[in-house]
A.B. asks: 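Let me begin by handing over the structure; questions about it come next.
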Amino acid sequence: MDDWREFAEQMASLARDLLAQESVNDTLKRISFSATELVEGCDAAGILILRGSHVQSLAPTGQVVVDSDELQGRVGEGPCFDAARTTEGQRQFRIADFTDQARRWPKYVPEARKLGLGSMMGFLLFTEDEDLGALNLYSFRPGAFTEASETAGWLLASHAAVAFSSARTHAQLQQAIGTRHTIGEAMGILMGRHRFTEDQAFAALRRYSQDHNVKLREVARRVCEQGGLP
């Protein structure tokens, strides 16, 4: 990374761009694509998250990202897998050369070489309140990532974590508003149809939800579509 001033300007532009994305998925795609643009040596990128022991690939820029993530999940090791599940200590990892890192990740590295990978990095995406997953950067060339590349990747991951968290919070808020509106509309239908009070209408929705093990927002949606309780 020869010109850090230019990189800083690109990161500032990216920060604004990330916050302007319309959905969580769009934000994640922009993060992954930016890694291939901004981090020297990066040929492919994606975000790995863990749900229990299950690995999920988000916004991969190529199939090799998905294959590597699935491999790490299957063998239970690898730099990005480690980064995604860590809660303290090391938050970034680098495999400078896949030909000499089999000792640390003996199950993952030999299989990763078969995918054509030469080097890679993993960065934990985290904020003060939560860990979000790991940003994975891949190169098909051994030794592609330098200390400068690692610094650039860490800076990108820091911006990405904030944008990811913000986008997810916004999406959750929008869903909550939508759910509240749907429930209110369903209550109005029941009040008009059965002459329920507000409390009686809400109680009817909740009782149906509990009796049939269906989420309250789904019950409300059905009422709105069908004009009453199913």
Side-chain angles (χ1 to χ4, degrees), residues 1-8 10-11 14 28-50 53-126 131-161 164:
M1 187 65 63
D2 297 325
D3 190 344
W4 284 106
R5 180 179 179 83
E6 180 182 353
F7 180 79
Q10 291 173 323
M11 290 299 294
L14 173 63
L28 298 183
K29 287 181 178 179
R30 189 69 185 94
I31 291 168
S32 296
F33 183 72
S34 295
T36 63
E37 287 185 313
L38 299 177
V39 180
E40 187 175 353
C42 181
D43 294 318
I47 294 167
L48 178 151
I49 62 173
L50 289 177
S53 60
H54 177 67
V55 168
Q56 183 177 0
S57 294
L58 302 179
T61 63
Q63 184 60 39
V64 70
V65 177
V66 178
D67 294 341
S68 175
D69 288 349
E70 290 179 348
L71 173 59
Q72 291 183 77
R74 188 165 65 250
V75 301
E77 65 177 39
C80 298
F81 185 83
D82 289 353
R85 68 179 178 182
T86 190
T87 55
E88 57 185 19
Q90 193 171 6
R91 294 177 179 265
Q92 59 193 55
F93 301 83
R94 174 158 56 111
I95 295 181
D97 188 339
F98 269 96
T99 61
D100 63 5
Q101 290 289 334
R103 182 178 302 177
R104 181 168 184 180
W105 295 290
K107 297 177 182 178
Y108 169 70
V109 170
E111 295 300 315
R113 283 202 296 263
K114 296 177 183 179
L115 298 176
L117 295 175
S119 49
M120 67 180 295
M121 297 188 291
F123 302 90
L124 180 68
L125 297 175
F126 68 96
D131 294 339
L132 302 164
L135 175 64
N136 314 331
L137 279 62
Y138 297 90
S139 177
F140 298 117
R141 296 184 294 110
F145 295 124
T146 63
E147 289 188 9
S149 299
E150 189 169 340
T151 300
W154 176 77
L155 290 170
L156 173 60
S158 298
H159 279 73
F164 185 5

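Keep in mind that what you see is a predicted model, and the values were worked out from it rather than measured. Along the sequence shown, residues carry numbers from 1.
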A.B. asks: Between atom CD1 of Ile31 and atom CD1 of Ile47, what is the distance when rounded to the nearest 0.5 Å?
C.D. replies: 4.5 Å
A.B. asks: With rounding to the nearest 0.5 Å, note down the distance linking CZ in Phe33 to CG in Leu38.
C.D. replies: 9.5 Å
A.B. asks: According to side-chain contact (heavy atoms from CB on, under 4.5 Å), who are the partners of Ser57, at least two apart in sequence or on a separate chain?
C.D. replies: Val66, Asp69
A.B. asks: Testing the basics here: between Arg141 and Asp43, what is the closest heavy-atom pair and its distance to 0.1 Å?
C.D. replies: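 Scanning both residues completely, I find the closest heavy atoms to be N-OD2, 4.5 Å.
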A.B. asks: With sequence neighbours left out, what residues match Ala44 under side-chain contact (heavy atoms from CB on, under 4.5 Å)?
C.D. replies: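 side-chain contact (heavy atoms from CB on, under 4.5 Å) check on Ala44 returns Thr61, Val64, Val65, Tyr138.
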A.B. asks: Got Met121 and Ser139 here, is their nearest side-chain heavy-atom distance under 4.5 Å?
C.D. replies: no
A.B. asks: Taking side-chain hydrogen bond (donor to acceptor under 3.5 Å, both in side chains) as the definition, give me every residue that meets it alongside Glu111, ordered by chain and number, with sequence neighbours left out.
C.D. replies: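 Glu111 satisfies side-chain hydrogen bond (donor to acceptor under 3.5 Å, both in side chains) with Lys114 only.
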A.B. asks: State the CD1-CE distance between Ile95 and Met120, to the nearest 0.5 angstrom.
C.D. replies: 5.5 Å
A.B. asks: Once you round to the nearest 0.5 Å, how far does CG of Leu135 lie from CG of Leu28?
C.D. replies: 10.0 Å
A.B. asks: Are any of the side-chain heavy atoms of Trp105 and Phe98 separated by less than 4.5 Å?
C.D. replies: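 Heavy-atom side-chain distance check fails, nothing below 4.5 Å.
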A.B. asks: What residues, two or more places apart in sequence or in another chain, satisfy salt bridge (Lys or Arg N to Asp or Glu O under 4.0 Å) together with Glu70?
C.D. replies: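 Testing Glu70 for salt bridge (Lys or Arg N to Asp or Glu O under 4.0 Å), a comparison that skips the adjacent residues, returns none.
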A.B. asks: About how many Å separate CD of Glu77 and CG of Leu71, when rounded to the nearest 0.5 Å?
C.D. replies: 8.5 Å
A.B. asks: Using atom types as modelled and distance alone, determine if a side-chain donor or acceptor of Ser149 lies under 3.5 Å from a backbone N or O of Val39.
C.D. replies: no
A.B. asks: For the pair Ser68 and Leu117, evaluate side-chain contact (heavy atoms from CB on, under 4.5 Å) and give the outcome as yes or no after the intermediate values.
C.D. replies: CA-CA 9 Å; Ser68 175; Leu117 295 175; 4.2 Å; yes
A.B. asks: At their closest point, which heavy atom of Ser32 faces which heavy atom of Ala45, and how far apart are they?
C.D. replies: O-CB, 3.6 Å
A.B. asks: Starting at CG of Leu115, measure out to CD of Gln63 and round the result to the nearest 0.5 Å.
C.D. replies: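 It is 9.5 Å, given to the nearest 0.5 Å.
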A.B. asks: Taking all non-hydrogen atoms of both residues into account, name the closest pair between Ser119 and Ala96 and its distance.
C.D. replies: CB-O, 3.2 Å
A.B. asks: Do you know which two heavy atoms are closest between Ala157 and Phe123, and how far apart they sit?
C.D. replies: CB-CB, 3.7 Å
